[in-house]
Number of protein chains: 2
Amino acid sequence: MTSTADAPRSPGRPRSIRADEAIIEATLDLLAEGSTIEALSIEAIATRAGVGKATIYRRWAGKDALLLDALRRLKGVLAQPAGHSVRDDLVLLVGAIGKNVDPRAAKIMPCLAPAVNRSADQFQLYQSIISPRRQLMREVLRRGIDEGVLRADIDVEVTMALLTGPMLIQRVLQWNPDLDEQALPERVVDAVLEGIRAR
Amino acid sequence: MTSTADAPRSPGRPRSIRADEAIIEATLDLLAEGSTIEALSIEAIATRAGVGKATIYRRWAGKDALLLDALRRLKGVLAQPAGHSVRDDLVLLVGAIGKNVDPRAAKIMPCLAPAVNRSADQFQLYQSIISPRRQLMREVLRRGIDEGVLRADIDVEVTMALLTGPMLIQRVLQWNPDLDEQALPERVVDAVLEGIRAR
DNA sequence: GCGTTACGAGTCTGACCCGTATCGTATTTC
DNA sequence: GAAATACGATACGGGTCAGACTCGTAACGC
């Protein structure tokens with residue numbers, strides 16, 4: 001966060017926290033309403049937030065810096081696996097993919113896909129969001145191996161991609177409109193657990 | 001295709017096919033070079049193609065129509081499974097995901113993710129590109145079931161998502177930078193075939 | 001050669017935007 | 001109350017772009 005730093009004392013009028021909030025919220029709202037990242041203008045954000053442009057520039061160097069702060073808000077909280085059944089924990093984690101506390105996140109996430117590949121900053125932000133989630137899943141898988149529920153010779157990283165991929169392409173890319181998104185987490189986890197080869 | 005329609009005869013000078021080509025190529029080149037869809041301007045395309053702006057507007061109603069035509073060029077050819085081993089055919093199809101004949105496609109595809117969710121036209125285009133590929137995989141899976149190689153009770157659609165998802169998130173979203181993209185198709189197919197549960 | 005249409009290049013108007021500066025006002029410390 | 005800093009609003013110069021238009025030229029059928 002650039003604004004509202006830990007200023008020890010200030011002579012004049014302090015920065016408005018309400019303005020901080022309003023700017024961030026306006027940014028996320030506009031994104032969720034369909035604006036793409038680059039179509040987003042400081043002027044539109046200022047108007048939407050009921051704020052002068054100068055108030056934004058006083059806090060952030062430009063659109064990129066503002067976006068980085070705004071998107072950080074979408075991280076949300078991590079799902080907490082119960083720790084009893086490996087299968088149930090995986091269903092929980094897989095079901096949480098792309099499902100954020102902030103409903104706007106679902107609509108904003110697809111917009112990040114292009115940005116992630118072009119801006120190192122945004123790539124880092126993106127990774128910082130998903131890597132703790134990956135870690136959570138990794139721990140569940142390792143636990144499953146330790147408990148003997150999962151085979152010991154599986155590639156944990158590949159398995160995570162296996163579990164995450166289907167949910168992500170469905171939620172973010174609408175890969176197959178006919179797929180039942182509701183039931184998908186369970187079905188994915190069970191299919192990955194059991195395999196599809198006849199035996 | 002909007003331009004170079006099947007005009008029976010025309011009094012004056014015919015439209016230049018070279019201009020058609022140049023405009024489409026310039027569009028794809030600019031996209032592949034990192035321009036995002038909306039940052040792409042008709043002016044830039046015209047300049048790059050060595051063409052007047054009017055020549056573009058004479059053929060297409062606007063940027064969207066041009067883009068639709070340009071992106072159709074990226075469809076590429078479908079991978080042809082050999083039809084011997086179900087496992088090998090799946091590896092081939094999974095390996096072909098996100099790998100297009102046109103090397104520009106790989107860089108352009110991530111940009112489509114946001115557009116797909118906002119424009120009905122682009123969503124349709126996107127679906128028209130991937131649905132034949134899905135069909136191909138569907139047939140291989142059905143064949144596997146018929147031959148008794150795959151279990152008869154699997155959900156074919158979910159299985160396709162299972163196979164496609166990991167490749168797609170890796171190639172398009174760079175989901176996990178540490179994952180070996182080269183070996184991924186084989187690993188994904190084998191993991192899905194065998195399952196990860198200990199037995 | 002004549003009418004017709006396309007061509008590349010360029011111009012023009014009206015938007016929209018960025019980032020800065022400047023208003024008059026409000027809120028804080030000393 | 002004075003100095004300092006914030007506020008929303010607005011104006012500014014500089015920039016890009018969409019689309020429609022205008023050139024003089026080129027290619028076609030008749």
Side-chain angles (χ1 to χ4, degrees), chain A residues 1-27 30-31 33-70 115 119, chain B residues 1-27 29-31 33-70 111 115 119:
Chain A
M1 194 72 178
T2 313
S3 67
T4 331
D6 44 73
R9 59 213 63 238
S10 53
R13 173 176 175 176
R15 295 224 175 130
S16 158
I17 300 180
R18 291 189 54 191
D20 274 275
E21 270 315 307
I23 293 167
I24 297 277
E25 286 300 305
T27 305
L30 287 172
L31 281 178
E33 280 168 18
S35 169
T36 52
I37 285 190
E38 53 196 7
L40 200 63
S41 71
I42 299 281
E43 285 189 338
I45 295 171
T47 302
R48 173 61 156 264
V51 143
K53 279 203 291 178
T55 303
I56 296 181
Y57 282 110
R58 207 173 283 124
R59 292 164 162 73
W60 291 279
K63 190 165 70 175
D64 286 352
L66 168 55
L67 266 175
L68 241 52
D69 274 358
S119 147
Chain B
M1 194 69 177
T2 311
S3 69
T4 330
D6 44 77
R9 57 214 63 243
S10 53
R13 173 177 175 177
R15 294 218 175 136
S16 159
I17 300 178
R18 290 191 53 192
D20 275 274
E21 271 314 308
I23 293 167
I24 297 278
E25 286 301 304
T27 305
D29 281 347
L30 287 172
L31 280 178
E33 280 167 17
S35 169
T36 52
I37 285 189
E38 53 196 8
L40 201 63
S41 71
I42 299 282
E43 285 187 338
I45 295 172
T47 303
R48 173 61 155 264
V51 143
K53 277 203 288 180
T55 303
I56 296 181
Y57 283 110
R58 207 173 284 125
R59 288 158 217 270
W60 291 277
K63 193 166 69 176
D64 287 351
L66 168 56
L67 267 176
L68 240 52
D69 274 359
C111 301
S119 147

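Everything numeric here is computed off the predicted structure, so don't read it as measured data. Residue numbers start from 1 in every chain, and the chains themselves are labelled A, B, ... in the order their sequence lines are given, proteins ahead of strands.
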Pair A:D20 + A:R59, salt bridge at N-O below 4.0 Å: yes
N/O donor-acceptor pair, side chain B:R15 with base C:dA6, under 3.5 angstrom: no
Per A:R58 side chain, nearest of listed nucleotides C:dC18, D:dC7, D:dG8: D:dC7
Nearest-neighbour nucleotide for the B:A19 side chain, C:dG8, C:dT4, C:dG19 considered: C:dG8
Sugar-phosphate, base or nothing in reach of A:K63, heavy atoms under 4.0 Å: nothing
B:R18 CZ - D:dA26 P separation (whole Å): 15 Å
Note, A:I45 side chain near A:R48 side chain (heavy atom, < 4.5 Å): no
Side-chain-base donor-acceptor pair under 3.5 Å for B:R13 and C:dA6: yes
Interatomic distance where CD1 belongs to A:I45 and P belongs to D:dG8 [whole Å]: 14 Å
Closest non-hydrogen atom pair between A:A19 and A:V51, with its separation: CB-CG2, 4.3 Å
Side-chain donor/acceptor of A:K53 to base of C:dG19, under 3.5 Å: yes
Comparing B:Y57 and B:G12 on DNA chain D - which has the more 5′ nearest nucleotide: B:Y57
Residue-phosphate contact under 4.0 Å: A:T55 side-chain N/O, D:dG8 OP1/OP2: yes
From D:dC7, D:dT5, D:dA18, nucleotide with atom closest to B:S41 side chain: D:dA18
Protein-nucleotide distance (A:I42, atom CD1; D:dA9, atom P), rounded to Å: 16 Å
Any side-chain heavy-atom pair of A:L30 and A:E33 under 4.5 Å: yes
A:W60 and A:L68, any side-chain heavy atoms less than 4.5 Å apart: no
side-chain N/O A:R59 vs D:dC7 OP1/OP2, d < 4.0 Å: yes
Rounded distance (Å) that lies between atom C1' of D:dC17 and atom CD of A:E38: 14 Å
Separation of atom CG in A:L40 from atom C1' in C:dC16, rounded to whole Å: 14 Å
Sugar-phosphate, base or nothing in reach of B:A54, heavy atoms under 4.0 Å: base
Atom pair distance, as rounded to whole Å: CD1 in A:I17 and P in D:dT5: 19 Å
Interatomic distance where CD1 belongs to A:I56 and P belongs to C:dT20 [whole Å]: 13 Å
Spacing between A:D20 atom CG and D:dG8 atom P, to the nearest angstrom: 11 Å
